[in-house]
Amino acid sequence: MTPLLVLMGVTGAGKSTVGTLIAERLGLPFRDADEFHPPANIAKMSSGTPLTDDDRWPWLDAIGAHLAGHRGVGCVVTCSALKRAYRDRLREAAPDLRFIHLHGDAALVAMRQAARQGHFMPASLVASQFATLEPPAPDERVVVLDVAATPEALADAAIAVLTEDAG
């Protein structure tokens with residue numbers, strides 16, 4: 001199986017944890033979207049300022065180029081992909097891309113983000129991410145999983161969907 005997979009959702013939803021598990025289980029390379037941010041974006045978020053669309057376009061293009069470079073090989077990448085326009089931009093680069101949306105209760109996600117150690121994104125930006133989030137439409141074929149489940153259960157569910165789609 002060589003899917004191009006993006007784990008999407010707000011900060012603190014568990015994208016990196018679940019994405020790493022999926023990549024390990026499928027033997028695919030994994031990249032965290034944070035690795036694609038320019039230093040200016042990280043500085044802005046670290047200061048508690050949400051990114052604008054203009055801040056995000058180059059970041060999304062870098063992620064899209066990475067995905068496109070892994071067509072036929074497969075990879076797992078995290079990316080908040082909060083708006084339909086962002087998801088569409090990534091699909092332009094990699095049309096066979098699949099999204100797994102890790103979604104859940106805002107209070108649970110905020111609690112998890114506040115407990116994160118060593119991450120530049122403050123818990124204060126969780127609310128702005130939920131405000132920006134445009135839930136995927138049915139025509140996007142995005143798999144939505146509830147973050148209340150364990151990371152292992154979320155990885156199992158995502159792999160089951162991918163396996164079902166491939167078969």
Side-chain angles (χ1 to χ4, degrees), residues 1-37 41-42 45-46 50-51 56 59-60 62-64 66-67 70 73-84 86-87 90-91 94 96-138 140-167:
M1 184 184 317
T2 59
L4 295 176
L5 186 64
V6 169
L7 279 282
M8 66 166 282
V10 299
T11 189
K15 298 181 298 289
S16 297
T17 301
V18 176
T20 299
L21 287 171
I22 292 169
E24 288 173 355
R25 291 179 185 181
L26 296 179
L28 296 173
F30 172 80
R31 291 285 302 272
D32 191 290
D34 292 344
E35 299 171 32
F36 296 92
H37 275 300
N41 282 9
I42 292 173
M45 290 182 286
S46 295
L51 298 179
R56 287 187 177 103
W59 170 67
L60 290 164
I63 294 168
H66 177 78
L67 290 162
H70 283 80
V73 178
C75 68
V76 178
V77 178
T78 66
C79 178
S80 54
L82 298 175
K83 292 183 180 181
R84 169 88 186 232
Y86 305 163
R87 296 186 294 272
L90 293 173
R91 284 188 197 98
D96 44 351
L97 173 62
R98 291 297 312 267
F99 286 93
I100 303 291
H101 181 194
L102 299 182
H103 184 64
D105 177 71
L108 173 62
V109 172
M111 180 183 71
R112 288 181 179 175
Q113 184 64 20
R116 273 176 102 173
Q117 298 294 315
H119 194 269
F120 61 83
M121 180 78 97
S124 62
L125 289 182
V126 172
S128 75
Q129 291 226 322
F130 272 101
T132 301
L133 177 63
E134 295 173 2
E140 292 188 78
R141 293 187 57 232
V142 174
V143 177
V144 179
L145 300 176
D146 188 337
V147 299
T150 66
E152 292 77 12
L154 292 168
D156 288 344
I159 291 169
V161 169
L162 293 171
T163 302
E164 187 178 293
D165 286 354

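No hydrogens, no waters, no symmetry mates; every other heavy atom, side chains included, goes into these values.
Listed by chain and number, the residues in a ring-ring contact (aromatic ring centres under 6.0 Å, His included) with F99 amount to none (sequence neighbours excluded). Take H70 and apply the ring-ring contact (aromatic ring centres under 6.0 Å, His included) test, not counting sequence neighbours, and it matches H66. Evaluation of the salt bridge (Lys or Arg N to Asp or Glu O under 4.0 Å) rule for R56 yields no partner, not counting sequence neighbours. Taking the side-chain contact (heavy atoms from CB on, under 4.5 Å) definition, one finds that A23 meets it with F30, V76, sequence neighbours left out.
Taking each heavy atom of A137 and R84 in turn, the nearest pair found is CB-NH1, 3.7 Å. The heavy-atom pair separating C79 from W59 by the smallest distance is SG-CH2, 3.6 Å. Between L145 and A158 the shortest heavy-atom distance is CD1-N, 4.0 Å. Summarising the geometry of P151 relative to V18, their closest heavy-atom pair is CA-CG2, 4.0 Å, with the distance given to 0.1 Å. Taking both residues in full, the closest heavy atoms of G104 and V147 are given as CA-CG2, 3.7 Å, listed atom of the first, atom of the second, then distance. Of all heavy-atom pairs spanning A149 and L154, the tightest one is O-CD1, 3.8 Å.
Between L67 atom CG and L4 atom CG the span is 6.0 Å, to the nearest 0.5 Å.
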Original post:
Can you check side-chain contact (heavy atoms from CB on, under 4.5 Å) on M8 and L90, steps first, answer last?
Top reply: CA-CA 12 Å; M8 66 166 282; L90 293 173; over 6 Å; no

Original post:
Could you go step by step and tell me if Y86 and S80 meet the side-chain contact (heavy atoms from CB on, under 4.5 Å) rule?
Top reply: CA-CA 9 Å; Y86 305 163; S80 54; 5.7 Å; no

**OP:** Please lay out, stage by stage, how L28 and L5 fare under the test side-chain contact (heavy atoms from CB on, under 4.5 Å).
**Re:** CA-CA 10 Å; L28 296 173; L5 186 64; over 6 Å; no

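Side-chain contact between P135 and V144 is absent, with no heavy atoms from C-beta onward closer than 4.5 Å. Side-chain contact between L60 and K83: absent, with no pair of heavy atoms (C-beta onward) separated by less than 4.5 Å.
Applying the side chain to side chain donor-acceptor pair (under 3.5 Å) test to pairs two or more places apart or on separate chains, those with a residue in residues 140-155 are R87-E140, R91-E140. Here salt bridge (charged side-chain N to carboxylate O under 4.0 Å, His left out) pairs that include residues 5-31, with residues two or more places apart or in two chains, are R25-D156, R31-E35.
For the side-chain contact (heavy atoms from CB on, under 4.5 Å) test with L7, the passing option among L21, V77, T20, I100 is I100; the others fail.
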